[in-house]
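What you see is a predicted model; the values in this text were computed from it and never measured. Numbers restart at 1 for each chain; the letters A, B, ... are given by sequence-line order, proteins then strands.
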There are 2 protein chains.
Amino acid sequence: MAVRPQGPARRRSAAATRQAISEAARDLFADSGFDAVGIRAIAAHAGVDAALVIRYFGSKERLFLEVMAVDLPVAAVMDGPLESLGQALVEHVLDLSSSRAGTLAVTSLSALFRASERAPVQQTLREIIERAFAVPLVGRLRGGDAELRAHLIAAQIGGLLTSLHVVQDPVLGRADRASLAARYGAAIQCLIDGED
Amino acid sequence: MAVRPQGPARRRSAAATRQAISEAARDLFADSGFDAVGIRAIAAHAGVDAALVIRYFGSKERLFLEVMAVDLPVAAVMDGPLESLGQALVEHVLDLSSSRAGTLAVTSLSALFRASERAPVQQTLREIIERAFAVPLVGRLRGGDAELRAHLIAAQIGGLLTSLHVVQDPVLGRADRASLAARYGAAIQCLIDGED
DNA sequence: GTCTATAAGTCGATAGAC
DNA sequence: GTCTATCGACTTATAGAC
């Protein structure tokens, strides 16, 4: 085996270092929020030096934006039949927490939400909503005010998500999946159907 | 006139000092959030010394909780007729921003939402929801799952409030009051009516 | 490519003089 | 009741050695 080169520590490829920082930041930001997580903690968690975090990402805020800008994984259910989309959407949202990817999306969204006094974070949130709801829905909705209705549906889903994961409403936590999907699904269906 | 006593600065009554700190904290927290506002800034804004802020309120977090725990002023509309409560509720929420007290409630609520990774803040939010929605609604709703439905209505209003004031969705910002109240009001009415 | 060292500043909270 | 002074720890970000 070749002896290690003269660098102060073991080398990794640039890509591997970047990725390690990315993953550490994602995990820490997602469960403690932007302000509570320092660059030192991210570096320690990634096994790199704190200066590298800035070197690779420019600033803590840019790192946050790059790492938390996930898409809400609802594309599949949004293409389903319109007549039962309300209930299907709620079921899908309730099931997010049982997959690793879903949990990550939900915790990232909560972190974005909590950091939304920063203008670029707010912009990121708007883009996520636009991609997840407005884009797939506006063309499909019958009746007037399609764009408004799509954004109101996004507001409803946002309300459900924040009640579940930000406020952590105990009544919603105790409720069974079926009644929750039926009740809230019906309210969303109301906006899908339109009926002007 | 009696000469001023030997204190290092002009005296105020304890109550007046407390109130000055309270008001400064309320304003600053409401438009910049918990983390972004330091004790020194609050003190400067109130015209007092930074040490007094801690002396009077114990800690920055206790000050935040005491000052931001407002009630959402919806009691009046919640007692209105059930058949049109959905639309009335949305109209009321949309009109909050045109009164001083309403704006204060909305910005305080936004600040609480954004600081909700702290357990006591989360608890405060739950109590606000309980008082504003569950208490006045549970007894009045006909049909099953009254408690669940009341909390889902709270989730819907929460979604509307956060879309308007936290995310600041531009589509909702541009929409006219009447269509917004009609569309979202109908969706809320759906949960009020029940129809199991 | 990775490190040490440090700049330059913030923070919440406390002790004690007056 | 109000102040000064300060503790101790933290922050983001940079400069430059290796």
Side-chain angles (χ1 to χ4, degrees), chain A residues 2-25 28-29 32-68 115 117-121, chain B residues 2-25 28-29 32-68 111 114-115 117-121:
Chain A
V3 70
R4 281 267 156 231
Q6 68 284 0
R10 202 155 86 259
R11 296 275 176 103
R12 267 192 281 209
S13 73
T17 299
R18 228 190 119 89
Q19 168 116 9
I21 294 170
S22 237
E23 280 170 16
L28 294 176
F29 280 142
S32 305
F34 181 81
D35 287 298
V37 177
I39 286 185
R40 281 162 182 73
I42 295 168
H45 207 258
V48 304
D49 187 86
L52 291 183
V53 176
I54 300 296
R55 194 163 200 17
Y56 278 83
F57 291 89
S59 75
K60 181 179 145 179
E61 184 171 287
R62 279 207 286 278
L63 170 59
F64 181 75
L65 285 170
E66 182 165 331
V67 152
M68 303 310 269
E117 79 280 354
R118 289 158 193 277
V121 173
Chain B
V3 71
R4 281 265 156 235
Q6 68 283 2
R10 199 154 90 261
R11 295 279 176 100
R12 269 192 280 207
S13 73
T17 299
R18 229 191 118 88
Q19 168 115 12
I21 294 170
S22 237
E23 279 170 17
L28 293 176
F29 281 143
S32 305
F34 181 81
D35 288 298
V37 177
I39 286 184
R40 283 163 179 79
I42 295 169
H45 208 257
V48 304
D49 187 87
L52 292 182
V53 176
I54 300 296
R55 196 165 200 17
Y56 278 83
F57 292 88
S59 74
K60 183 179 144 179
E61 183 171 286
R62 280 207 286 279
L63 170 59
F64 181 74
L65 285 171
E66 183 165 329
V67 152
M68 303 308 269
R114 292 199 255 243
E117 79 281 355
R118 288 157 194 275
V121 173

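- Put simply, OH on A:Tyr56 is 10 Å from P on C:dC3, counting in whole angstrom units.
- Of all nucleotides listed (D:dA13, D:dA15, C:dT2), C:dT2 comes nearest to the side chain of A:Thr17.
- Nucleotide C:dG1 holds its P atom 16 Å from the CD atom of A:Gln19, rounded to whole Å.
- In this structure, the nucleotide among C:dT2, C:dA15, D:dG1 sitting nearest to the side chain of A:Arg55 is C:dT2.
- One finds a salt bridge joining A:Glu66 and A:Arg18 here, because a Lys/Arg side-chain nitrogen approaches an Asp/Glu carboxylate oxygen to under 4.0 Å.
- Atom pair A:Ile54:CD1 and C:dT6:C1' shows a separation of 15 Å (rounding to whole Å applied).
- Considering every non-hydrogen atom in both A:Ala20 and A:Ala46, the closest pair reads O-CB, 3.5 Å.
- As judged by a 4.0 angstrom heavy-atom cut-off over every strand, B:Val37 is placed among residues touching the sugar-phosphate backbone only.
- As judged by a 4.0 angstrom heavy-atom cut-off over every strand, B:Ala51 is placed among the base-contacting residues.
- Residue B:Arg40 places a side-chain atom within donor-acceptor reach of the base of C:dG12, judged by atom type and a 3.5 Å distance cut-off alone.
- Looking at B:Ile42 and B:Leu63, their side chains come closer than 4.5 Å, going by heavy atoms from C-beta outward.
- What separates CD of A:Glu61 from P of D:dT11 is a distance of 17 Å, to the nearest Å.
- By the 30° and 60° cut-offs, the orientation of the rings of A:Phe29 relative to A:Phe64 is perpendicular.
- Between the CG atom of B:Leu52 and the P atom of D:dT4 there is a distance of 10 Å, rounded to whole Å.
- The side chain of B:Ser59 lies closest to C:dA13, out of C:dA13, D:dA13, C:dA15.
- In this structure, A:Phe57 reaches neither bases nor backbone, as no heavy-atom distance under 4.0 Å exists between it and the strands shown.
- With D:dA13, C:dG12, D:dT2 as the choices, the nucleotide that has an atom nearest any side-chain atom of A:Ile39 turns out to be D:dA13.
- Distance, A:Lys60 NZ to D:dT11 P: 8 Å, rounded to whole Å.
- Looking at which nucleotide of DNA chain D each of A:Asp49 and A:Ala41 is closest to, the 5′-most match is held by A:Ala41.
- No donor-acceptor distance shorter than 3.5 angstrom exists from the side chain of A:Lys60 to the backbone of A:Val53, with no hydrogens or angles considered.
- Rounded to an integer number of Å, the gap from B:Leu63 CG to C:dC11 P is 15 Å.
- Protein atom CG of B:Asp35 is 17 Å distant from nucleotide atom P of C:dT10, rounded to whole Å.
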